[in-house]
Amino acid sequence: MSVRRHTDSVRGTHRRPADLEALHTAVIDWFAQHERPLPWRKPGTSAWGVLVSEVMSQQTPMSRVAPRWTEWMRKWPTPADLASASTADVLVAWDTLGYPRRALRLQECAQAIVTDHGGNVPHDEEVLLGLPGIGAYTAAAVAGFAFGARTAILDVNIRRVLARAVDGHEHPGNATKTETAWARELLPESPQRSVRWNAGTMELGALVCTSRNPRCDECPLLAPCAWVDAGKPASPERKPKTQAWHGTDRQLRGAIMGLLRISHGTPVRADLLVANTVDFDVDAAALLPEKVQDGIAKVRRLADGERISSLVDDLEADGLLCRQTAEQSGERGSVLTLPQSPSDQ
DNA sequence: AATGCGGGGGA
DNA sequence: TCCCCAGCATT
């Protein structure tokens with residue numbers, strides 16, 4: 001089969017393989033043989049479970065998501081369960097998945113589902129898009145994987161596989177409308193096949209057609225891959241560097257998450273907590289082992305007042321902590337309080 | 001269109 | 001070290 005021949009090259013990224021059906025079959029058959037046994041893929045998983053798995057997987061590898069998802073669904077099997085949980089419990093269960101604002105948005109999403117949709121995850125992609133923490137990718141993924149909708153799902157994996165195999169080069173930045181329209185044209189006709197196509201293309205991008213060191217020798221599309229034929233050209237752009245970690249606000253947020261877990265009796269790696277601790281004033285520090293407290297005291301001397309001040313605003317806006325004014329606390333400076341910690345309940 | 005946002009694991 | 005990971009919200 002020669003899938004690569006783009007007979008009707010519209011323009012730019014709009015290319016279409018001559019034998020689209022063969023491409024679909026190659027991906028779907030490969031997926032049937034290589035699908036990872038992820039917990040949310042087990043039969044009977046609810047739409048809510050699918051939604052949770054997708055939010056947890058935003059910018060986070062699935063291998064790290066799986067254990068957190070299982071525990072999360074055990075604690076809060078329905079949107080109503082999560083909606084009524086305490087913020088502290090939610091953040092603790094999120095553990096070290098990263099970007100903890102996602103956990104806050106997920107709880108807000110559950111509350112919106114209860115309030116506005118009778119406690120049931122909406123089927124409609126446009127409605128899903130209106131929920132907190134649900135963007136273009138997640139709305140499409142839930143519509144497709146939870147409800148079997150025929151829709152174009154554009155995550156980093158599908159974008160890369162399609163760009164390489166069909167177009168021959170990768171596209172920088174976020175998915176454009178043009179790219180979305182292109183992906184829609186490549187969808188199989190039947191909804192059932194389109195779901196397998198979406199899931200299979202994602203899996204192919206995650207396991208074989210990876211960003212670095214792709215395993216082309218294991219790829220079912222080796223023969224027709226436009227990217228291989230073009231000599232595997234490098235991705236055109238490099239993303240801007242992510243904000244530094246050491247000594248920044250992000251590091252302190254990590255420390256507060258660690259303290260929150262400790263206050264709930266969840267083990268926390270002491271070295272990680274100390275490394276993440278810049279300077280803060282929180283009662284929960286008394287719960288820390290002496291060795292860790294010493295480490296915190298040491299790092300505290302490196303405090304940057306201005307940076308910490310902006311951090312407090314940020315944390316408060318994210319709902320990660322509450323700030324009391326000097327008059328309220330009777331102390332000098334601000335006092336940071338963990339939201340709904342056990343002592344508050 | 002550009003930024004900010006965690007944290008872990010692999011090359 | 002650097003890069004990447006089933007993105008989203010805000011400006």
Side-chain angles (χ1 to χ4, degrees), chain A residues 31 35-36 38 40-41 50-69 91 94-106 108-109 128-146 152-162 170 172-177 180 183 195 198-207 209-215 234-235 237-246 248-258 260-261 268-269 271-273 275-276 310-311 313-315 317-320:
Chain A
F31 184 52
E35 177 180 3
R36 288 171 293 181
L38 296 166
W40 49 86
R41 286 176 171 170
V50 172
L51 189 154
V52 171
S53 79
E54 295 301 341
V55 171
M56 285 184 172
S57 301
Q58 293 165 0
Q59 296 288 282
T60 305
M62 311 294 267
S63 56
R64 292 181 53 204
V65 167
R68 294 297 107 229
W69 181 87
L91 290 172
W94 193 259
D95 199 49
T96 58
L97 282 178
Y99 292 147
R101 61 170 58 167
R102 291 183 294 159
L104 303 176
R105 297 298 95 80
L106 183 55
E108 293 167 11
C109 178
L128 286 164
L129 198 51
L131 294 170
I134 307 296
Y137 162 75
T138 308
V142 171
F145 297 142
I153 303 175
L154 276 189
D155 78 317
V156 65
N157 291 309
I158 292 184
R159 288 187 66 207
R160 183 174 56 247
V161 171
L162 295 185
E170 301 176 47
N174 297 320
T176 62
K177 287 186 176 180
T180 304
V195 169
N198 281 325
T201 310
M202 271 196 203
E203 195 82 336
L204 191 60
L207 299 181
C209 190
T210 50
S211 181
R212 288 179 303 182
N213 306 116
R215 308 170 161 198
S235 184
E237 291 273 323
R238 281 281 63 93
K239 305 175 183 74
K241 282 187 178 180
T242 58
Q243 183 189 16
W245 171 255
H246 188 75
T248 65
D249 297 356
R250 308 183 87 178
Q251 189 180 29
L252 179 49
R253 273 189 287 273
I256 292 177
M257 287 289 288
L260 186 56
R261 288 192 291 275
V268 173
R269 275 173 51 193
D271 60 335
L272 190 63
L273 180 61
N276 287 349
S310 68
L311 163 72
D313 293 341
D314 197 1
L315 287 171
D318 269 357
L320 283 175

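Each chain gets a letter, A, B and so on, in the order its sequence line appears, and its residues count up from 1. These numbers come from a predicted model, not from an experiment.
Residue-to-nucleotide proximity on DNA chain C shows that, of A/A136 and A/P61, the 5′-proximal contact is made by A/P61. Nearer the 5' end of DNA chain B, as judged by each residue's closest nucleotide, is the contact made by A/N174, out of A/N174 and A/G98. Mapping A/I134 and A/A206 onto DNA chain C via the closest heavy atom, the residue that lands nearer the 5' end is A/A206.
For the OP1/OP2 pair of C/dC5 and a distance below 4.0 Å, the side-chain nitrogens and oxygens of A/R160 include at least one atom meeting the criterion. Between A/T138 and C/dC8 there is a side-chain N or O to OP1 or OP2 distance below 4.0 Å. Distances shown here put a side-chain N or O of A/S211 below 4.0 Å from the OP1 or OP2 atom of C/dC4. Listed pair A/N157 / C/dA6 meets the phosphate criterion, a side-chain N or O lying under 4.0 Å from OP1 or OP2.
Base engagement by A/R41 is indicated by at least one non-hydrogen atom pair under 4.0 Å involving a base atom. As judged by a 4.0 angstrom heavy-atom cut-off over every strand, A/G135 is placed among residues touching the sugar-phosphate backbone only.
Rounded to whole Å, the distance from CZ on A/R102 to P on C/dC5 is 14 Å. Between the CG atom of A/L51 and the C1' atom of C/dA6 there is a distance of 13 Å, rounded to whole Å. The CD1-P distance, from A/I158 to C/dC5, rounds to 13 Å in whole Å. What separates CD of A/E54 from C1' of C/dC8 is a distance of 14 Å, to the nearest Å. Put simply, CG on A/L97 is 16 Å from P on C/dC8, counting in whole angstrom units. One atom, CE of A/M56, and another, C1' of C/dC8, lie 16 Å apart when rounded to the nearest Å. Atom pair A/E108:CD and C/dA9:C1' shows a separation of 12 Å (rounding to whole Å applied). Summarising the geometry, the separation between CD on A/Q59 and P on C/dA6 is reported as 9 Å, rounded to the nearest angstrom.
Residue A/R212 places no side-chain atom within donor-acceptor reach of the base of C/dC4, judged by atom type and a 3.5 Å distance cut-off alone. A donor N or O paired with an acceptor N or O is not found under 3.5 Å between the base of B/dG9 and the side-chain atoms of A/S63. Looking at A/R64, its side chain comes within 3.5 Å of the base of B/dG7 through a donor and an acceptor atom.
If you check C/dG7, B/dG8, C/dA6 against the side chain of A/Y99, the one that comes closest is C/dG7. Comparing C/dA6, B/dG6, B/dC5 by their closest approach to the side chain of A/E203 singles out C/dA6.
Here the closest non-hydrogen pair linking A/I158 and A/N198 is CD1-O, 3.5 Å. Smallest separation of non-hydrogen atoms from A/L207 and A/R215: O-CD, 3.5 Å. The two residues A/A139 and A/L128 make their nearest non-hydrogen contact at O-CD1, 3.6 Å. Shown here for A/L97 and A/R102, the closest heavy-atom pair between the two residues is O-NH2, 3.2 Å.
The one candidate from A/V65, A/D155, A/L38 that meets the side-chain contact (heavy atoms from CB on, under 4.5 Å) condition with A/S57 is A/V65.
Under a 3.5 Å cut-off, the side chain of A/E203 and the backbone N or O of A/R36 do form a donor-acceptor pair. Judged by distance alone, the side chain of A/R68 and the main-chain N or O of A/M56 form no donor-acceptor pair under 3.5 Å.
Donor-acceptor pairing under 3.5 Å is lacking for the side chains of A/Y137 and A/Q58.
Atom name P, nucleotides C/dA6 and B/dT3: the rounded distance is 25 Å, in whole Å. Between B/dG8 and C/dA9, the two P atoms lie 24 Å apart (nearest whole Å).
Legend: residues meeting salt bridge (Lys or Arg N to Asp or Glu O under 4.0 Å) with A/R159, ordered by chain and number and at least two apart, are A/E179.
Pairs of Watson-Crick or G-U wobble type, with distances under 3.5 Å, assemble into runs of 3 or more in DNA chain B at these ranges: B:1-5 with C:7-11, B:7-11 with C:1-5.
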